[in-house]
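Comments concern the structure below.
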Amino acid sequence: MTTLPPISQNKMFGGTQSVYAHRSVACDCDMRVSVYLPPQAKTQKCPAVVWLSGLTCTEDNFTVKAGAQRIAAELGIILIAPDTSPRGDGVPDDKDSYDFAKGAGFYLDATRMPWAKNYQMQAYVRDELTAWMLDNFPIDKNRIGISGHSMGGHGAITLHLKNPELYKTCSAFAPITSPSQVPWGQKAFKGYLGDDKNTWKQYDATELVSAPSKTNILIDQGTDDNFLAEHLRPEIFANACKTSGQATTLRLQEGYDHSYYFIATFIEDHLRHHADGLGD
C-alpha cells in the first residue's frame with residue numbers, strides 16, 4: 001500500500017477512496033488524482049481502469065457522481081481518475097471559454113504557445129500517470145483499461161487505439177469521436193495544435209481507427225443528449241469502425257442525456273466490460 005499522504009481519504013465499500021496530488025513534469029504543475037482501492041487491493045495486485053472526465057470537470061466529478069465504487073469493490077478493480085487539465089496560477093487560461101484551456105485539456109500534447117508549456121495531457125496520462133500509479137498502488141501492469149466521458153471519451157478511445165498494449169480494454173460515454181469534424185474538437189485542435197489539419201489526425205479516433213485494436217470498444221450514447229447532433233455524432237465513428245473492422249458496441253440509450261445520471265445508470269455495465277476483458 002502507498003505511503004503517499006492523501007489530500008482526503010475515506011473508507012468506502014470495504015476499500016478506500018482517496019485523492020492525491022503529485023508533480024507532473026509534462027504539465028509543469030501539481031496534478032490531482034482520485035484513487036479508489038477495492039478491498040482486494042489489501043492482499044493482491046488488481047486490474048485498474050483509468051477514467052478520463054469531460055469538459056469543466058476535475059478528478060471529483062466521477063468520484064462523487066458516478067457511483068462506480070460499489071461495483072469496483074465487487075469486481076476488485078482499482079479506479080484512477082486524474083484531473084482534466086493542468087492547474088495553477090502560472091498555467092495559462094482562457095477565462096471566456098468553458099471548452100478550452102483549464103478544465104479542457106483534450107488529452108493531447110499542445111504545440112502552440114502559450115499552451116505548449118503546460119498542456120501536455122497525452123504525455124501526462126500515458127507516461128507519468130501510468131508510472132505514478134504503478135509505483136504507488138498494487139496494480140497489475142498487464143491489466144489496465146481506460147474509459148471516459150465526452151472529452152474524456154475522446155481521450156480514452158484515442159489513447160487506447162494508440163497504446164493497445166498499455167490499455168487493454170476501452171469504453172466511453174457520449175465520446176467526441178470525430179473531433180476534426182465538430183465544433184468542440186475544431187476549436188481545441190486549432191488552439192492547441194494550429195491550422196494544419198494533418199496534425200489533428202493523431203488525436204481523432206475516426207482517423208486512428210483505420211488501424212484497429214483487438215478489443216471491443218463499448219460506447220453508450222443517450223438519445224436526449226443536447227450535444228449529440230452538433231458535437232458528438234457517433235455515427236461517423238461507427239461507420240469508420242465498420243470499414244476498418246474495429247469491434248465496437250454502440251448502444252443508443254433512449255431518453256438519456258449527457259449528465260452523470262446517465263453515467264451512473266450504465267457504469268456497472270462498463271466496469272463489467274473491463275473486468276471481462278482484463279480477466280485474471
Side-chain angles (χ1 to χ4, degrees), residues 22 24-27 31 33 35 45-54 62 77-86 105-111 119-137 139-173 175-180 185 188-189 192-193 199-219 237 240-241 244-249 270-271 273-279:
H22 70 116
S24 166
V25 174
C27 295
M31 295 293 291
V33 187
V35 178
K45 287 192 173 184
C46 297
V49 172
V50 176
W51 173 271
L52 305 181
S53 288
F62 176 74
I77 293 175
I78 294 173
L79 301 175
I80 306 289
D83 199 352
T84 57
S85 77
F106 266 84
Y107 305 102
L108 52 73
D109 293 338
T111 55
Y119 288 79
Q120 302 292 312
M121 287 298 292
Q122 175 183 251
Y124 166 68
V125 172
R126 181 193 60 210
D127 302 330
E128 292 185 334
L129 180 66
T130 300
W132 177 82
M133 68 190 205
L134 290 175
D135 284 346
N136 289 285
F137 304 101
I139 295 171
D140 184 340
K141 66 180 181 180
N142 296 312
R143 300 167 69 199
I144 299 173
I146 193 164
S147 186
H149 172 228
S150 194
M151 176 186 74
H154 141 77
I157 296 173
T158 56
L159 281 162
H160 163 69
L161 289 172
K162 288 193 280 188
N163 307 277
E165 75 291 343
L166 173 58
Y167 304 111
K168 300 291 199 310
T169 56
C170 181
S171 73
F173 291 83
I176 309 169
T177 51
S178 304
S180 299
F189 286 179
Y192 290 129
L193 304 172
T199 67
W200 298 6
K201 293 180 180 180
Q202 63 181 306
Y203 300 108
D204 190 312
T206 295
E207 298 288 343
L208 293 169
V209 82
S210 61
S213 74
K214 296 179 180 179
T215 192
N216 181 61
I217 300 173
L218 172 62
I219 297 174
F237 181 68
C241 289
S244 71
Q246 172 67 54
T248 303
T249 300
H270 283 244
L271 291 183
H273 166 80
H274 288 279
D276 289 344
L278 296 173

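The basis for the numbers below is simple: all heavy atoms, side chains too, and nothing from hydrogens, waters or symmetry mates.
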Requested in this report: State, with a plain yes or no, whether a side-chain heavy atom of Gln122 is found less than 4.5 Å away from one of Thr158.
Outcome: no
Report summary line: Closest non-hydrogen atoms of His154 and Pro175, given as atom of the first, atom of the second and distance, are N-CB, 3.9 Å
Query - Minimum side-chain heavy-atom gap Ile219-Ile157 below 4.5 Å - result: yes
Requested in this report: Mind listing the closest non-hydrogen atom pair of Ala172 and Ser147 along with its distance?
Outcome: N-OG, 4.1 Å
Query raised in the report: To the nearest 0.5 Å, how far apart are OG in Ser213 and CG in Leu208?
Result: 11.0 Å
Query raised in the report: Taking atom OG1 of Thr248 and atom CZ of Phe237, what is their separation to the nearest 0.5 Å?
Result: 5.0 Å
Query raised in the report: If you take all heavy atoms of Asp204 and Thr206, which pair is closest and at what distance?
Result: OD1-N, 2.9 Å
Report task. Find out whether Thr249 and His273 are in side-chain contact, i.e. whether some heavy atom of one side chain is under 4.5 Å from a heavy atom of the other. Result -> no
Requested in this report: Take Ser171 and His270 through the test side chain to side chain donor-acceptor pair (under 3.5 Å) and record every step on the way to the result.
Outcome: CA-CA 7 Å; Ser171 73; His270 283 244; 2.9 Å; yes
Report task. Could you pull out the closest heavy-atom pair between Lys162 and Gln202, with the gap in Å? Result -> NZ-O, 2.6 Å
Query raised in the report: Partners of Pro47 by side chain to side chain contact (heavy atoms under 4.5 Å, CB included), sequence neighbours excluded?
Result: Ile77, Arg143, Leu278
Query raised in the report: For His160, which residues count as a ring pair (Phe, Tyr, Trp, His ring centres under 6.0 Å) partner, sequence neighbours excluded?
Result: none
Query raised in the report: What residues, two or more places apart in sequence or in another chain, satisfy ring pair (Phe, Tyr, Trp, His ring centres under 6.0 Å) together with Tyr119?
Result: Trp115, Tyr192
Query - Approximate separation, where rounding is to 0.5 Å, of Lys168 NZ and Asp140 CG - result: 8.5 Å
Query raised in the report: What's the shortest heavy-atom distance between Ala48 and Ile139, and which atoms?
Result: CB-CG2, 3.8 Å
Query - Chi angles and distances behind the side chain to side chain contact (heavy atoms under 4.5 Å, CB included) call for Trp51, Leu79 - result: CA-CA 7 Å; Trp51 173 271; Leu79 301 175; over 6 Å; no
Query raised in the report: Could you state the interatomic distance from CD1 (Ile146) to OG1 (Thr130), rounded to the nearest 0.5 Å?
Result: 8.0 Å
Query raised in the report: Of all residues at least two apart in sequence or in a different chain, which pass the side-chain hydrogen bond (donor to acceptor under 3.5 Å, both in side chains) check with Gln120?
Result: none
**Report entry** Validation row: His149, Ser53 side chains within 4.5 angstrom (heavy atoms)
**Finding:** no
Report summary line: Taken to the nearest 0.5 Å, the spacing of Thr215 OG1 from Asp276 CG works out to 10.5 Å
Query raised in the report: Roughly how far, to the nearest 0.5 Å, is the CD1 atom of Ile78 from the CE atom of Met133?
Result: 8.5 Å
**Report entry** Contact check, side chains of Met151 and Tyr107, non-hydrogen atoms, under 4.5 Å
**Finding:** yes
Requested in this report: Verify the ring-centre separation between Tyr167 and His274: is it less than 6.0 angstrom?
Outcome: no
Report task. Output all residues satisfying ring pair (Phe, Tyr, Trp, His ring centres under 6.0 Å) with Tyr203, sequence neighbours left out; order by chain, then residue number. Result -> none
Report task. List in chain and number order the residues that pass side-chain hydrogen bond (donor to acceptor under 3.5 Å, both in side chains) with Thr199, two or more places apart in sequence or in another chain; answer none if no residue qualifies. Result -> none
Report task. Take Leu159 and Leu52, measure what side chain to side chain contact (heavy atoms under 4.5 Å, CB included) needs, and give me the verdict at the end. Result -> CA-CA 11 Å; Leu159 281 162; Leu52 305 181; 3.8 Å; yes
Query - Nearest atoms (heavy-atom pairs only) where Gly148 meets Ala156 - result: N-CB, 3.9 Å
